[in-house]
Peer 1: 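This is the structure, below, for whatever I ask next.
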Amino acid sequence: MIFLILSRVSNIYSSRRLVQEIKNRRHSVYIENPESLCGGISADILIPRLGSFRYENSLSNLIHLQETKKPKVTLNGHPAFHNARNKKLALQILATFPQPQLFTQVNTYPVVVKDCLASQGDGVFLCNNPKELADCLYKLKGRELLFQEFITESRGHDIRALVIGPRVIAAMERVSKNPEIEFRANISLGGLATSISLTKEEENICTAAVKRLGLDYAGVDLIRSHRGPLVLEVNPCPGLEGIEKCSQINIAKEIILYSEQLFHRIRS
């Protein structure tokens, strides 16, 4: 099989791990920058990993590549990729799922403000009063935003579940080193990760969310609240480093094995 990975940075951990496992399975693999595709490779399996930088251009190239080269399998193709990548759109599609309340107008504090296309905790702010909100809106001027209820009891804690197909492969709890100062728990911001087991309810919510969004694999972020588990967002190209290292599970291999299954299913 021929694999094509769309990744702006070819030596980033997640891309390197996918390439390694593809080669271990004795397949061919290429990496192309989604911002500047040079005609594209005619691949059997396409794995897009589009970041927030020049996202719209990368998405347009993904659509063009899918429509012209027609890979047999695209692991999270459009529009499912975009539906999940845009935080507001994803939560609207998951409106029947338990989640923090979304506000169209802010009249209660504290409130979480998010750039809909940001990642790794960037573009996420906690505003405690109207002045902080005004400063935040000025800083994020021109970006698509969402306003979300802040769940006090989960401050500095969240869970990332890695879902592949119908199964949760691994899950980790992320904890901020100092929740009073940094309410976000992202590893990229210094959060600490521990491998955990999910409840059956949490597993069902995660797999159902991925299925509802039409994704093949994803990272589902949720929190444990007094109301039960709540979905924060769904990432269609989750980073693999933190969860592979803390869970000791070869997630990259599981992604490649699942893509092979989809390929053979289509061929049969």
Side-chain angles (χ1 to χ4, degrees), residues 50-60 63 76 78-161 174 176 179 182-186 189 201-202 204-206 208-215 218-238:
L50 313 183
S52 57
F53 183 73
R54 298 186 65 187
Y55 170 73
E56 295 296 341
N57 182 62
S58 296
L59 180 66
S60 177
I63 294 171
N76 295 344
H78 78 92
F81 189 101
H82 179 67
N83 288 346
R85 189 71 178 78
N86 185 300
K87 293 177 172 63
K88 182 187 291 185
L89 185 55
L91 292 175
Q92 289 171 343
I93 293 172
L94 299 175
T96 59
F97 283 64
Q99 59 179 271
Q101 184 180 354
L102 294 181
F103 303 117
T104 54
Q105 292 185 332
V106 178
N107 50 27
T108 183
Y109 295 90
V111 64
V112 178
V113 181
K114 295 183 179 181
D115 177 344
C116 290
L117 292 177
S119 59
Q120 298 185 322
D122 185 38
V124 179
F125 299 89
L126 181 63
C127 299
N128 294 289
N129 53 59
K131 183 183 184 307
E132 289 184 2
L133 177 60
D135 292 342
C136 181
L137 294 179
Y138 180 79
K139 184 181 299 184
L140 297 175
K141 186 177 180 180
R143 304 189 195 181
E144 183 181 6
L145 305 176
L146 68 81
F147 306 99
Q148 193 174 53
E149 173 191 9
F150 178 61
I151 307 300
T152 305
E153 64 268 23
S154 72
R155 185 185 188 103
H157 293 255
D158 71 9
I159 292 171
R160 161 63 62 87
R174 301 180 294 197
S176 170
E182 179 53 78
F183 78 100
R184 298 165 295 181
N186 303 71
L189 298 175
E201 180 187 15
E202 290 167 343
N204 289 340
I205 288 173
C206 291
V210 171
K211 183 177 181 180
R212 176 73 62 85
L213 287 166
L215 299 168
V220 181
D221 292 348
L222 66 155
I223 53 177
R224 289 168 171 166
S225 75
H226 296 330
R227 308 199 301 259
L230 304 176
V231 176
L232 292 180
E233 59 186 73
V234 179
N235 190 326
C237 55

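Index from 1, following the sequence. Since the model is a prediction, treat every value here as computed from it, not as a measurement.
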Peer 1: Output the distance between atom CZ (Phe147) and atom SG (Cys136), rounded to the nearest 0.5 Å.
Peer 2: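 Spacing of CZ (Phe147) from SG (Cys136) equals 7.5 Å.
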Peer 1: Enter the distance from Lys87:NZ to Glu233:CD here, rounded to the nearest 0.5 Å.
Peer 2: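 Between atom NZ of Lys87 and atom CD of Glu233 there are 4.5 Å.
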Peer 1: Can you name the closest pair of heavy atoms from Gly214 and Ala80 and give their distance?
Peer 2: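 Nearest pair, atom of Gly214 first, then Ala80: O-CB, 3.4 Å.
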Peer 1: When rounded to the nearest 0.5 angstrom, what is the spacing between CG in Asn86 and CG in Leu59?
Peer 2: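 The CG atom of Asn86 sits 10.5 Å away from the CG atom of Leu59.
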Peer 1: Does a side-chain heavy-atom distance below 4.5 Å link Leu146 with Phe103?
Peer 2: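 The answer is no; the side chains never approach within 4.5 Å.
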Peer 1: Closest heavy-atom contact between Gly219 and Pro238?
Peer 2: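 Shortest heavy-atom separation between Gly219 and Pro238 comes out as N-CG, 3.5 Å.
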Peer 1: Determine the minimum heavy-atom distance between Pro100 and Gln148, stating which atoms define it.
Peer 2: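 Result for this residue pair: CB-CG, 3.7 Å.
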Peer 1: Return the CZ to CG distance between Arg54 and Asn57, rounded to the nearest 0.5 Å.
Peer 2: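 Taking CZ in Arg54 and CG in Asn57, the distance rounds to 4.5 Å.
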Peer 1: Could you give the distance from CG (Leu126) to CG (Leu133), rounded to the nearest 0.5 Å?
Peer 2: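 With rounding to 0.5 Å, CG (Leu126) is 11.0 Å from CG (Leu133).
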Peer 1: Find the distance between NE2 (His78) and CG (Leu50) and round it off to the nearest 0.5 Å.
Peer 2: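 It comes to 11.5 Å.
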Peer 1: For Ser52 versus Ala118, what's the shortest heavy-atom pair and its separation?
Peer 2: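 Result for this residue pair: CB-CA, 4.4 Å.
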Peer 1: Going through the distances and angles, do Ile223 and Ile159 end up as a side-chain contact (heavy atoms from CB on, under 4.5 Å)?
Peer 2: CA-CA 6 Å; Ile223 53 177; Ile159 292 171; over 6 Å; no
Peer 1: Specify whether Phe81 and Tyr55 have parallel, tilted or perpendicular ring planes, treating 30° as the upper limit for parallel and 60° as the lower limit for perpendicular.
Peer 2: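 Aromatic pair Phe81/Tyr55 classed parallel.
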Peer 1: Taking C-beta and beyond as the side chain, do Cys206 and Leu222 meet within less than 4.5 Å on heavy atoms?
Peer 2: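 Side chain of Cys206 against side chain of Leu222, heavy atoms only: contact under 4.5 Å found.
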Peer 1: Which is it for Glu149 and Lys114 under the salt bridge (Lys or Arg N to Asp or Glu O under 4.0 Å) test, yes or no, and what are the steps along the way?
Peer 2: CA-CA 11 Å; Glu149 173 191 9; Lys114 295 183 179 181; over 6 Å; no
Peer 1: Going through the checks in order, is the side-chain contact (heavy atoms from CB on, under 4.5 Å) test met by Ser176 and Arg155?
Peer 2: CA-CA 9 Å; Ser176 170; Arg155 185 185 188 103; over 6 Å; no
Peer 1: Between Ser60 (side chain) and Glu56 (backbone), is there a donor-acceptor pair under 3.5 Å?
Peer 2: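 Side chain of Ser60 to backbone of Glu56, a donor-acceptor pair under 3.5 Å: no, none is there.
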Peer 1: Could you check whether any side-chain heavy atom of Leu137 comes within less than 4.5 Å of a side-chain heavy atom of Leu145, counting everything from C-beta outward?
Peer 2: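 Yes - at least one pair of side-chain heavy atoms lies under 4.5 Å apart.
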Peer 1: Check the pair Val234 / Leu94 against side-chain contact (heavy atoms from CB on, under 4.5 Å), numbers first and verdict last.
Peer 2: CA-CA 10 Å; Val234 179; Leu94 299 175; 4.0 Å; yes
Peer 1: Does Arg212 qualify as a cation-pi partner of Phe97, given the criterion of NZ or CZ under 6.0 Å from the six-membered ring centre and within 45 degrees of its axis?
Peer 2: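 Ring-cation test returns no.
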Peer 1: Please check: side-chain N/O of Arg85 versus main-chain N/O of Leu117, any donor-acceptor pairing under 3.5 Å?
Peer 2: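 The answer is yes, because a donor-acceptor pair under 3.5 Å joins these two groups.
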Peer 1: Applying salt bridge (Lys or Arg N to Asp or Glu O under 4.0 Å), run through Arg224 and Glu153 and close with a yes or a no.
Peer 2: CA-CA 8 Å; Arg224 289 168 171 166; Glu153 64 268 23; over 6 Å; no
Peer 1: Less than 4.5 Å apart, any side-chain heavy atom of Ile93 and any of Leu213?
Peer 2: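 Yes, at least one pair of side-chain atoms sits under 4.5 Å.
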Peer 1: Taking side chain as C-beta onward, heavy atoms only, is Phe150 less than 4.5 Å from Tyr109?
Peer 2: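 Contact flag for Phe150/Tyr109 side chains = no.
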Peer 1: Test Leu215 against every option in Val210, Val220, Asn83, Asn235 by the side-chain contact (heavy atoms from CB on, under 4.5 Å) rule and name the one that passes.
Peer 2: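 Filter result, single survivor: Val210.
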Peer 1: Would you mind checking if Asp135 and Lys139 are paired as a salt bridge, meaning a charged N to carboxylate O distance below 4.0 Å?
Peer 2: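 The answer is no: the pair does not qualify as a salt bridge.
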Peer 1: Run the side chain to side chain donor-acceptor pair (under 3.5 Å) test against Arg160 and tell me which residues pass, sequence neighbours left out.
Peer 2: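 Partners of Arg160 under the side chain to side chain donor-acceptor pair (under 3.5 Å) test: Asp221.
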Peer 1: Where do Gly156 and Pro179 come nearest, in terms of heavy atoms and distance?
Peer 2: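 Nearest pair, atom of Gly156 first, then Pro179: CA-CB, 4.1 Å.
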Peer 1: In chain order, what residues pass the side chain to side chain donor-acceptor pair (under 3.5 Å) check against Thr104, with sequence neighbours excluded?
Peer 2: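 Scan of Thr104 (side chain to side chain donor-acceptor pair (under 3.5 Å), adjacent residues dropped) gives none.
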Peer 1: Please examine the side chains of Lys88 and Glu144, heavy atoms only from C-beta on, and report whether any two atoms are closer than 4.5 Å.
Peer 2: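 They are in contact (side-chain heavy atoms under 4.5 Å apart), so the answer is yes.
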Peer 1: How close do Val231 and Gln99 get, heavy atom to heavy atom, and via which atoms?
Peer 2: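 Residues Val231 and Gln99, closest heavy atoms: O-CB, 3.3 Å.
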Peer 1: Do the side chain of Glu132 and the main chain of Cys127 share a donor and acceptor less than 3.5 angstrom apart?
Peer 2: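 Such a contact is absent between Glu132 side chain and Cys127 backbone.
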Peer 1: Given side-chain contact (heavy atoms from CB on, under 4.5 Å), test Asp115 with Val124 step by step and report yes or no.
Peer 2: CA-CA 6 Å; Asp115 177 344; Val124 179; over 6 Å; no
